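These numbers were taken from a predicted model, which means no experiment stands behind them. Positions are given from 1 along the sequence.
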Amino acid sequence: MSTQFDYVEENFRKISFRVNEAKEKYGRSGDIVEIMAVTKTVAPEIVNHAVSSCGIKLLGENRVQEYLSKKDSYLPASVHFIGQLQSNKVKYIIDSVDMIHSVDSIKLAKEIDRHAQRIGKIQDVLVEVNIAGEESKGGVSPGELTDVLAQAAELPNIKVQGLMTIPPAVNSEKFLYEMQKLYIDISDKKIDNINMSFLSMGMSGDYETAVKYGSNILRIGSALFGARIYK
Ligand SMILES: *Cc1c(COP(=O)(O)O)cnc(C)c1O
């Protein structure tokens, strides 16, 4: 009998196959492109199955409350926080996440720095870019980015490791392309104390296109675990 577990494995095989195809097609065969399992709404047993049977090594968490209720049940894996993060919630996750993808203001960066200092950690972060200038989405505008990075570079307990974006579902290719240009631009500026090691973009609907435009962290939820009732 086919189970929910088989379903996840089957999905993972398809996703890996397509990612490898895209890497070959776009001349990126030698690059590491990580597949992150985005766990929102998914029961920890199923997340653990993705870790133990599919070999997924990276989990993406959106909601502080949900993450806290699930994290003690998880098998060992790297955890990145990818959802909108309120400054007053930083303290709940700072000790257990390897990277925060959703730094969308200097205010939040300072709060992460403060808590990281308190627990003696240097917190890796990505700066989220609102590449299409959408009102409904968080993120720094492309025009503000250099200034935000320069300020973040001064904070001793955070380390910027790259950029993240959530492009609009419609016309996403245009924005993935613009994001790659911006990423290359910023990399070329070689800002002190800022690394451009990760470009986090590509979700269930556009991950192959994201590979085309240089992404090296694909954040995949529904294509792996199935459709969610709420977003
Ligand atoms: C939900 C979510 C994803 C995954 O979305 P899918 O379309 O289900 O793959 C990726 N990134 C962020 C920030 C998300 O909130």
Side-chain angles (χ1 to χ4, degrees), residues 26-28 30-34 36 57-61 78-134 137-167 175-202 210-219:
Y26 301 118
R28 301 196 54 206
D31 295 356
I32 292 170
V33 177
E34 190 113 31
M36 167 196 283
K57 296 178 197 70
L58 177 58
L59 305 180
E61 296 292 324
S78 182
V79 173
H80 289 186
F81 195 83
I82 62 172
Q84 211 170 41
L85 182 58
Q86 290 169 285
S87 296
N88 63 356
K89 300 265 172 73
V90 172
K91 57 178 177 286
Y92 300 118
I93 64 161
I94 189 84
D95 60 344
S96 68
V97 298
D98 295 305
M99 187 132 73
I100 298 173
H101 289 218
S102 41
V103 172
D104 59 2
S105 68
I106 273 298
K107 178 180 178 235
L108 178 60
K110 284 182 175 162
E111 195 61 10
I112 295 169
D113 179 66
R114 190 168 75 79
H115 285 287
Q117 184 161 40
R118 179 176 57 80
I119 67 165
K121 175 185 193 183
I122 296 188
Q123 178 68 59
D124 285 334
V125 304
L126 305 181
V127 172
E128 180 174 353
V129 178
N130 189 343
I131 191 68
E134 292 172 284
K137 279 182 191 153
V140 173
S141 73
E144 297 167 325
L145 184 59
T146 308
D147 182 49
V148 168
L149 291 172
Q151 290 185 62
E154 303 288 319
L155 301 171
N157 286 78
I158 68 168
K159 181 81 188 177
V160 175
Q161 299 287 5
L163 304 177
M164 178 270 224
T165 198
I166 309 171
F175 294 106
L176 294 171
Y177 166 72
E178 286 187 5
M179 194 64 203
Q180 181 183 38
K181 271 202 311 189
L182 186 62
Y183 181 77
I184 291 171
D185 248 33
I186 298 284
S187 303
D188 288 348
K189 286 188 177 157
K190 301 202 187 312
I191 304 170
D192 275 350
N193 202 32
I194 297 286
N195 287 343
M196 284 291 129
S197 304
F198 295 103
L199 179 55
S200 164
M201 61 186 195
V211 170
K212 177 175 178 182
Y213 294 106
S215 172
N216 56 12
I217 305 181
L218 308 171
R219 307 181 312 264

Under 3.5 Å, which donor-acceptor pairs do the side chains of residues 186-196 form with other protein atoms, sequence neighbours left out?
| residue | atom | partner | partner atom | Å |
| --- | --- | --- | --- | --- |
| S187 | OG | Y183 | O | 2.7 |
| K189 | NZ | T146 | OG1 | 3.2 |
| N193 | OD1 | K159 | NZ | 3.0 |
| N193 | ND2 | A153 | O | 2.6 |
| N195 | ND2 | Q161 | OE1 | 3.0 |

Side chain to side chain donor-acceptor pair (under 3.5 Å) partners for D95, two or more places apart:
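Listed in chain order: nothing, the list is empty.
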
Pairing residues for Q151 by the side chain to side chain donor-acceptor pair (under 3.5 Å) criterion, not counting sequence neighbours
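Scan of Q151 (side chain to side chain donor-acceptor pair (under 3.5 Å), adjacent residues dropped) gives D147.
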
Counterpart residues, salt bridge (Lys or Arg N to Asp or Glu O under 4.0 Å), relative to R114 (two or more places apart):
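Salt bridge (Lys or Arg N to Asp or Glu O under 4.0 Å) check on R114 returns E111.
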
Donor-acceptor list for residues 78-88 side chains, cut-off 3.5 Å, not counting sequence neighbours:
| residue | atom | partner | partner atom | Å |
| --- | --- | --- | --- | --- |
| S78 | OG | D98 | OD2 | 2.9 |
| H80 | ND1 | H101 | NE2 | 2.8 |
| Q86 | OE1 | K89 | NZ | 3.1 |

Hey, which of R219, M99, M201 is the one that makes side chain to side chain contact (heavy atoms under 4.5 Å, CB included) with M164?
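It is R219, the one option of R219, M99, M201 that forms the side chain to side chain contact (heavy atoms under 4.5 Å, CB included) with M164.
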
If we check side chain to side chain contact (heavy atoms under 4.5 Å, CB included) with Q123, which of these qualifies: I93, V97, N157, D113?
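Testing Q123 for a side chain to side chain contact (heavy atoms under 4.5 Å, CB included) against I93, V97, N157, D113 leaves exactly one candidate, V97.
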
Could you check L108 against I100 for side-chain contact (heavy atoms from CB on, under 4.5 Å), going step by step and ending with a plain yes or no?
CA-CA 11 Å; L108 178 60; I100 298 173; 5.7 Å; no

side-chain contact (heavy atoms from CB on, under 4.5 Å) between L163 and L145: does it pass, once the steps are laid out?
CA-CA 10 Å; L163 304 177; L145 184 59; 4.0 Å; yes

Heavy-atom closest contact ([X] atom, [Y] atom, distance):
{"X": "Y213", "Y": "L199", "answer": "O-CD2, 3.8 Å"}
{"X": "N130", "Y": "P142", "answer": "O-CD, 3.7 Å"}
{"X": "I112", "Y": "V103", "answer": "CD1-CG2, 3.7 Å"}
{"X": "V140", "Y": "S105", "answer": "CG2-N, 4.4 Å"}

Strictly by salt bridge (charged side-chain N to carboxylate O under 4.0 Å, His left out), give each pair with a member in residues 117-134 just once, sequence neighbours left out.
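Qualifying pairs: E134-K137.
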
Would a distance-only check, ignoring hydrogens and angles, find a side-chain to backbone donor-acceptor pair under 3.5 Å from R28 to V211?
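Yes, R28 side chain to V211 backbone: donor-acceptor pair under 3.5 Å.
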
Going by the ring-ring contact (aromatic ring centres under 6.0 Å, His included) test, which pairs reach into residues 110-131, not counting sequence neighbours?
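Sorted result for residues 110-131: empty, none.
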
Which residues share a side-chain contact (heavy atoms from CB on, under 4.5 Å) with [X], sequence neighbours left out:
{"X": "A152", "value": "I106, I158, V160"}
{"X": "K57", "value": "E34"}
{"X": "E154", "value": "none"}
{"X": "S141", "value": "E144"}

Can you tell me how far the CE atom of M179 sits from the CD1 atom of I131, to the nearest 0.5 Å?
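Answer for the CE-CD1 pair, M179 versus I131, is 5.5 Å.
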
Just checking K91: does its NZ atom have more than 12 heavy atoms from other residues, nucleotides or ligands closer to it than 6.0 angstrom?
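It does: K91 NZ has more than 12 such atoms within range.
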
Mind running side-chain contact (heavy atoms from CB on, under 4.5 Å) on V33 and L218 for me, showing each step along the way?
CA-CA 7 Å; V33 177; L218 308 171; 3.7 Å; yes

Name all residues meeting the ring-ring contact (aromatic ring centres under 6.0 Å, His included) criterion together with Y26; count only those two or more places apart in sequence or in a different chain, and write none if there are none.
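If we apply the ring-ring contact (aromatic ring centres under 6.0 Å, His included) test to Y26, skipping adjacent residues, there are no hits.
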
Begin with the C-alpha distance, continue with both residues' side-chain angles, and end with the deciding distance and a verdict on side-chain contact (heavy atoms from CB on, under 4.5 Å) for L126 and F198.
CA-CA 8 Å; L126 305 181; F198 295 103; 4.0 Å; yes

